[in-house]
Undergrad: 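Starting off with a structure, shown below.
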Amino acid sequence: MAEVQTFNVKDVNTVIDGDFLSGYGEDTKVSIEKNNDEFSPFVDADGGVTYAEETNESAVMTVTLKPSSPSLPKMYRLKNNRSMFSAEVIDGNTGKYKAGGNNCRIQSIGSREFGKTPNGVEISIYIPKLNDEMEG
């Protein structure tokens, strides 16, 4: 019989500068995307392959907060002060995945929209050297 698991997005936490974020927008709370692949393959005329290891280990973390989020003022302060801070995502569902880094900065805070329903505010956080690990 196949293994049955439970996932609860409430157990995924984002920690910015030592504080847990709260007041997320709809759908995706947080995402992390590396800026490059792990390596670039080069194939010579004879079919030999050389792997060139990527030296850019950076990534971008994207967090979406609702306009009334109690964490949003802190994000603006970090951006306006050009502060460097730690950023981490912890998947508490299994306790096996963590990703983040130090010396991070707010790269951008997305546009604000005001309409019939509250729209999420997308915040991009630059991580100079991504540390991601999966235990198990």
Side-chain angles (χ1 to χ4, degrees):
M1 177 177 257
E3 183 179 338
V4 177
Q5 297 177 336
T6 301
F7 174 81
N8 188 338
V9 73
K10 290 180 181 180
D11 293 331
V12 176
N13 292 298
T14 307
V15 183
I16 301 295
D17 197 32
D19 292 331
F20 285 80
L21 294 187
S22 62
Y24 292 96
E26 289 184 314
D27 301 322
T28 303
K29 287 172 80 168
V30 60
S31 67
I32 297 178
E33 184 175 354
K34 292 183 76 167
N35 289 323
N36 292 69
D37 292 333
E38 297 292 325
F39 63 88
S40 296
F42 292 92
V43 180
D44 63 31
D46 295 326
V49 177
T50 300
Y51 294 111
E53 298 295 328
E54 180 56 60
T55 58
N56 181 352
E57 300 177 79
S58 67
V60 174
M61 175 188 292
T62 304
V63 177
T64 304
L65 299 176
K66 61 185 176 183
S68 60
S69 167
S71 298
L72 196 54
K74 177 176 185 160
M75 303 306 277
Y76 272 97
R77 274 193 305 279
L78 290 170
K79 177 187 76 76
N80 293 338
N81 293 336
R82 298 181 177 158
S83 300
M84 286 189 277
F85 52 87
S86 62
E88 186 175 42
V89 172
I90 304 162
D91 181 358
N93 287 284
T94 63
K96 294 184 179 183
Y97 181 74
K98 290 185 201 178
N102 296 311
N103 301 314
C104 304
R105 283 189 58 189
I106 303 290
Q107 190 167 14
S108 66
I109 295 181
S111 62
R112 303 286 297 265
E113 294 180 28
F114 302 92
K116 196 171 168 182
T117 59
N119 291 311
V121 179
E122 195 171 273
I123 300 159
S124 296
I125 300 166
Y126 183 81
I127 302 172
K129 183 181 186 309
L130 178 66
N131 299 312
D132 63 334
E133 55 188 61
M134 182 80 179
E135 297 175 9

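Treat the numbers as computed from the prediction; the structure is a model and nothing was measured. Keep in mind that the numbers below use all heavy atoms, side chains included, and drop hydrogens, waters and symmetry copies.
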Undergrad: Any idea which heavy atoms bring A99 and Y97 closest together, and the distance?
TA: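 Smallest heavy-atom distance, with atoms named: CB-OH, 3.3 Å.
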Undergrad: Report the distance from atom CD1 of I109 to atom CG of L72, rounding to the nearest 0.5 Å.
TA: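 Spacing of CD1 (I109) from CG (L72) equals 6.5 Å.
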Undergrad: Please tell me if the side chains of E57 and L130 come closer than 4.5 Å, counting only heavy atoms from C-beta onward.
TA: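 A side-chain contact is absent here, since even the closest heavy-atom pair is not under 4.5 Å.
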Undergrad: Has the side chain of N81 got a donor or acceptor atom that lies under 3.5 Å from a matching backbone atom of S83?
TA: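 Looks like no, no N/O pair under 3.5 Å.
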Undergrad: Should we say atom CD of E133 is surrounded by more than 12 heavy atoms from elsewhere, each under 6.0 Å from it?
TA: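 Yes, enclosed.
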Undergrad: Is any side-chain heavy atom of L78 less than 4.5 Å from a side-chain heavy atom of I16?
TA: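 Counting from C-beta outward, L78 and I16 do come under 4.5 Å.
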Undergrad: Side chains of N102 and F85: closer than 4.5 Å at any heavy-atom pair?
TA: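 N102 vs F85: side chains apart.
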Undergrad: Nearest 0.5 Å, please: how far is OH in Y76 from CD1 in I123?
TA: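 The OH atom of Y76 is 7.5 Å from CD1 of I123, to the nearest 0.5 Å.
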Undergrad: Got a salt bridge between D91 and K98, using NZ or NE/NH1/NH2 to carboxylate O under 4.0 Å?
TA: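 Salt bridge absent between D91 and K98.
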Undergrad: First locate atom CD of E38, then atom CD of E53, and finally report the distance between them rounded to the nearest 0.5 Å.
TA: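 Reported to 0.5 Å precision, the distance equals 8.0 Å.
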Undergrad: Would you compute the distance between atom OH of Y126 and atom SG of C104 and round it to the nearest 0.5 angstrom?
TA: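 Reported value, rounded in 0.5 Å steps: 10.0 Å.
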Undergrad: Considering only heavy atoms from C-beta outward, does the side chain of I125 approach that of T62 to under 4.5 Å?
TA: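 A side-chain contact under 4.5 Å is absent here.
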Undergrad: Is it true that, when you exclude F7 itself, more than 12 heavy atoms of the residues, nucleotides or ligands shown sit nearer than 6.0 Å to its CZ?
TA: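 Count over threshold, so yes.
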Undergrad: Less than 4.5 Å apart, any side-chain heavy atom of E88 and any of T14?
TA: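 When only atoms from C-beta onward are counted, T14 and E88 do not touch, as no gap falls below 4.5 Å.
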Undergrad: Can you check whether M75 reaches L65 side chain to side chain, under 4.5 Å on heavy atoms?
TA: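 Of all side-chain heavy-atom pairs linking L65 with M75, at least one is under 4.5 Å.
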Undergrad: When rounded to the nearest 0.5 angstrom, what distance separates CZ in F42 from OG1 in T50?
TA: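 Rounded to the nearest 0.5 Å, the CZ-OG1 separation comes out at 8.5 Å.
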Undergrad: Which pair of heavy atoms, one from K29 and one from V9, lies closest together, and at what distance?
TA: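 Scanning both residues completely, I find the closest heavy atoms to be NZ-O, 3.0 Å.
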Undergrad: Any donor and acceptor pair, going by atom type alone, linking the side chain of S71 with main-chain N or O of S22 inside 3.5 Å?
TA: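 A pair under 3.5 Å: yes.
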Undergrad: Using every non-hydrogen atom in the two residues, find where G23 and S69 come nearest and quote the distance to one decimal.
TA: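 So the minimum-distance heavy-atom pair works out to O-CB, 3.2 Å.
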Undergrad: For N56 and N35, which I'm curious about, is there any donor-acceptor pair between the side chains at under 3.5 Å?
TA: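 No, N35 and N56 have no side-chain donor paired with an acceptor closer than 3.5 Å.
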Undergrad: Would you name the heavy atoms of N8 and N93 that are closest together and state the gap between them?
TA: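 Here N8 and N93 meet closest at N-OD1, 2.8 Å.
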Undergrad: Short question: side chain of N103, backbone of M84 - any donor-acceptor pair under 3.5 Å?
TA: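 No; zero donor-acceptor contacts below 3.5 Å.
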Undergrad: Pick one: which of V63, V89, V60 meets side chain to side chain contact (heavy atoms under 4.5 Å, CB included) with I32?
TA: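 In the set V63, V89, V60, the residue that makes a side chain to side chain contact (heavy atoms under 4.5 Å, CB included) with I32 is V89.
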Undergrad: Report the distance from atom NZ of K79 to atom CZ of R105, rounding to the nearest 0.5 Å.
TA: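 With rounding to 0.5 Å, NZ (K79) is 10.5 Å from CZ (R105).
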Undergrad: Honestly curious: do F20 and V30 fall in one hydrophobic cluster under the side-chain, below-4.5 Å linking rule?
TA: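 F20 and V30: separate clusters.
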Undergrad: So, D44 side chain and D46 main chain: donor-acceptor pair closer than 3.5 Å or not?
TA: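 Yes; at least one donor-acceptor contact below 3.5 Å.
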